[in-house]
Amino acid sequence: MYTLVVCEKPDAARRIAQALGDPKESKPAGISVFDVANSDCHYKVCSALGHLYGLADSTKNRSVYPVLDLEWAPVDKNPRAARAIKVISELSKNASAFVHACDYDQEGEVIGHNILQYACGGKYEKALRAKFSTLTDEEIRESFASLERPSGGLAEAGRSRHMLDFIYGVNLSRALAQSLKMASNGYCNLSIGRVQGPTLAFAVDRELEIRLHVPDPYWTIAAQFEKNNQTFSAQYEKPKVGTLAEAKSIVSACIGRDGTVSDVVDSKAVLGPPTPFNIGDLQREAYRLFKLGPGYTLAIAEKLYLQALISYPRTSSQKLPPSIGYGKIISSLSRIGGYGQLTSMLLSKGRLVPNEGRMTDPAHPAIYPTGVAPQQKLSSLEFKVYDLVVKRFLATFGDPAISRHTDVSIDVNSHTFKAQGRSPVYEGWMVFYKPHVRLEQHELPELRKGDLVKNLGIDMEEKFTQPPYRYNQASLLAKMEQEQIGTKATRADIIATLFKRNYIASSVRGGIEVTDLGFAVIDSMRTFVPAIISTSLTRSMEEQLEKVEQGSAESVLVIEQAVDKLIESLSAFIEKEVDIGARIGNAASSSANGAQAATMIGSCPVCKKGQLRMIKSYKTKKRFVGCSNYSGGCKATAPLPQKGAIRVLGKACPECGWPIVGVVFARRSKHWKICVNMQCPSKKK
DNA sequence: GCAAGGTC
């Protein structure tokens, strides 16, 4: 007889088995099972692959809604998960006891609960719960020494969360699709949900801010001074001068007059080392440095993890417990090409203390390199991410960096100008994080209070207040983190879904633009189901589920209440269904033919009415030329080269009348001028 | 061809 230990993922099963003793691994149906026999107990440690059970629609018909009758069923489309269920189910038959050892959080509780209930024959309440905050040997042993009955409330809250998300998400998504069908018999893959809604709304709100932005003029004034044959510049004390008259009067008061140093303040700025990466930090940094999308970064990190080069990446922790063995990892890294010099600096430093962040994770520490040397050659992007993880890890052990700041005030005819000097004193941790960071260096001449400085010139410049920046993938993900919607494992996916739905699109500079379709969806939801595009739905859901967890609310009632509200919203929605569908249909077609991304390149020689525009196809993501009179029946199109920047030259081809565009490549190695018309007689020559 | 959440 043995105790069956159910874990959330294979990696966790392996660590738990190792912490419990000396495991023997077997692989029935390709699923790892670890056998650990001690003097006093015998464990079989097995593992799920995340959720093995999910909610299923009992009607099985996607055009029917509302669907409120849900059941838990094995996840389909994942043969490995199906095999895991089979293996666990088989192992449960001869088990005398059960330990629920999934991640100690709400989803982990659900994963283990469902396996114990559905695969092990209703063993959840009889099982014991292992509670750990990270998978270190000590914590695992401690958790197994103090096993308790599981909290049914936590599982109930988690299962209700699945229900609520399904009920809102699936039904509203179907309502959107159905409205389109009622209006035009069209079909478009539409969706909305508790996280998609607010995320799209963030982008919409930003888009509106940008559209409503009125540029306000202001003036900046800069002065050039000289001292001891060294020139330096200083800014007027007010960084923005509001009127032209004021700016002019300042310039005319100061022009040609030398200045006097009225104040010199020396200070030391200390910049502490960074915290170790959690997945969000890594995604943001990889975007900042390499312009890698968060989903891509996650995929690369997983690959590195599967090659044992880095620790488990899907973590929210910014902690590095000593049990991972700092010294051992750092000395192993010293044997991997290029890190020797950095690691020896750290190893000679004596005590190693990482600068940990505030965030924690129920199962894993922050992301760190394992010290294992890459067995196969990494692709250039894989290497970049790996190298970033290594350098970040090393940097967290570094000393604070120190920089000297010199802030100088210069008086010119009773006007004050400010100059700032920055000089590095001590690089500290930045040495490990090169080339991704460096101390600012900006020298000023030696200046003392009372010194005279020669005025070499004063310039004013008119500027305009800028609209806020568009979100990019990294900043939208950061906004989701800030607003606490989605999870570390799903945020990148949610953004990818919004792209896939054509709700948002990437502009040339990486900014996220909202398409007409995105606007139409948000508009309809704002009118009929405002809760679904607001973060307050997540907040109130969390509150309700907290009560379910504590046992002070019935999950059935919480779900019923949500259903009532949804039905109310849906009936109002259905009344206006045709109008909504028409609006969405129009928006979908304008998004699909790329009306937003159009750049005019010349007049259309075919219909002689429209303008030829450069369009990015939302389907193929490729650019091409199309006529603005497309809806009026002009089908003039032409392909474009997919690489290089297209320059609008405003010239028509003398042979055929189609526009000629320039194609410029980044390194200026090539430069073409081409007629876009594929059938142009000039091409036959 | 619908959510969000796990994980591979």
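Numbered from 1 within each chain, the chains take letters A, B, ... in sequence-line order. Note that this is a predicted model, so its numbers are computed, not measured.
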- Item | A/Thr315 vs A/Asn278, side-chain hydrogen bond (donor to acceptor under 3.5 Å, both in side chains): CA-CA, chis, key distance, verdict | CA-CA 6 Å; A/Thr315 175; A/Asn278 65 23; over 6 Å; no
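Note on A/Thr487: a side-chain N or O is less than 4.0 Å away from OP1 or OP2 of B/dG6. Distances shown here put every side-chain N or O of A/Ser173 at or beyond 4.0 Å from the OP1 or OP2 atom of B/dA3.
Across all strands shown, A/Gln106 has no heavy atoms under 4.0 Å from either base or sugar-phosphate atoms. Contacts of A/Thr490 with the nucleic acid, taken as non-hydrogen atoms under 4.0 Å apart, include base atoms. A/Arg80 comes within contact range of the sugar-phosphate backbone alone, with a heavy-atom separation under 4.0 Å but no base atom that close. Within 4.0 Å (heavy atoms only), A/Asn171 reaches no atom of the nucleic acid at all. At the heavy-atom level, A/Gly54 lies nowhere under 4.0 Å from the strands shown. Among the heavy atoms of the strands, none lies under 4.0 Å from A/Leu172. Contacts of A/Tyr187 with the nucleic acid, taken as non-hydrogen atoms under 4.0 Å apart, include base atoms. Using a 4.0 Å heavy-atom cutoff across all strands shown, A/Ile167 reaches no nucleic acid atom at all. Using a 4.0 Å heavy-atom distance criterion, A/Ile192 is classed as a sugar-phosphate-only contact. In this structure, A/Arg501 reaches the sugar-phosphate backbone alone: every heavy-atom distance under 4.0 Å involves primed, P, OP1 or OP2 atoms, never a base.
The base of B/dC8 sits within donor-acceptor range of the side chain of A/Asn78, with an N or O pair under 3.5 Å.
Closest to the A/His51 side chain, of the nucleotides B/dG6, B/dG1, B/dA3, is B/dG6. Each of B/dC8, B/dA4, B/dG1 was ranked by its minimum atom distance to the side chain of A/Asn189; first place goes to B/dG1. Side-chain atoms of A/Arg194 lie closest to B/dG5 of the nucleotides B/dC2, B/dG5, B/dA3. Looking at the side chain of A/Leu49, the nearest of the listed nucleotides B/dG5, B/dC8, B/dA3 is B/dC8. Distances from the side chain of A/Val195 to the nucleotides B/dA4, B/dC8, B/dC2 place B/dA4 closest. Proximity note for A/Arg314 (side chain, C-beta onward) versus B/dA3, B/dG5, B/dT7: the nearest is B/dT7. Out of B/dC2, B/dT7, B/dA3, the shortest distance to the side chain of A/Lys9 is found at B/dT7. When distances are taken from the side chain of A/Pro10 to each of B/dT7, B/dG5, B/dC2, the shortest belongs to B/dT7.
Among pairs with a residue in residues 362-378 of chain A, those fulfilling side-chain hydrogen bond (donor to acceptor under 3.5 Å, both in side chains) read A/Lys9-A/His364, at least two apart in sequence or across chains.
Between A/Glu568 and A/Lys565 no salt bridge is recorded (no basic side-chain N to carboxylate O distance below 4.0 Å). One finds a salt bridge joining A/Arg129 and A/Glu109 here, because a Lys/Arg side-chain nitrogen approaches an Asp/Glu carboxylate oxygen to under 4.0 Å.
Atom CD in A/Gln484 sits about 17 Å away from atom P in B/dA4, given to the nearest Å. Whole-Å rounding puts the A/Asn61 CG to B/dC2 C1' distance at 12 Å. In this structure, the CG atom of A/Leu200 is 11 Å from the P atom of B/dA4, given to the nearest Å. Following rounding to the nearest Å, A/Leu164 (CG) and B/dG5 (P) show an atom-to-atom distance of 12 Å. Spacing between atom NZ of A/Lys303 and atom P of B/dC8 amounts to 16 Å, rounded to whole angstrom units. If you measure from atom NZ of A/Lys500 to atom P of B/dC2, you get 7 Å, rounded to the nearest angstrom. The CZ-P distance, from A/Arg491 to B/dA4, rounds to 13 Å in whole Å. Whole-Å rounding puts the A/Asn502 CG to B/dC2 P distance at 13 Å.
Residues A/Asn189 and A/Arg501 form a side-chain contact, since some pair of their non-hydrogen atoms from C-beta on lies under 4.5 Å apart.
With DNA chain B read from its 5' end, the first of the two nearest nucleotides for A/Tyr312 and A/Ala177 is the one closest to A/Ala177. Positionally, the nearest nucleotide of DNA chain B for A/Val75 lies more toward the 5' end than for the other of A/Val75 and A/Asp11.
Within 6.0 Å of OH in A/Tyr296 there are 12 or fewer heavy atoms belonging to other residues, nucleotides or ligands.
A donor-acceptor pair shorter than 3.5 Å can be found between the side chains of A/Gln318 and A/Asp281.
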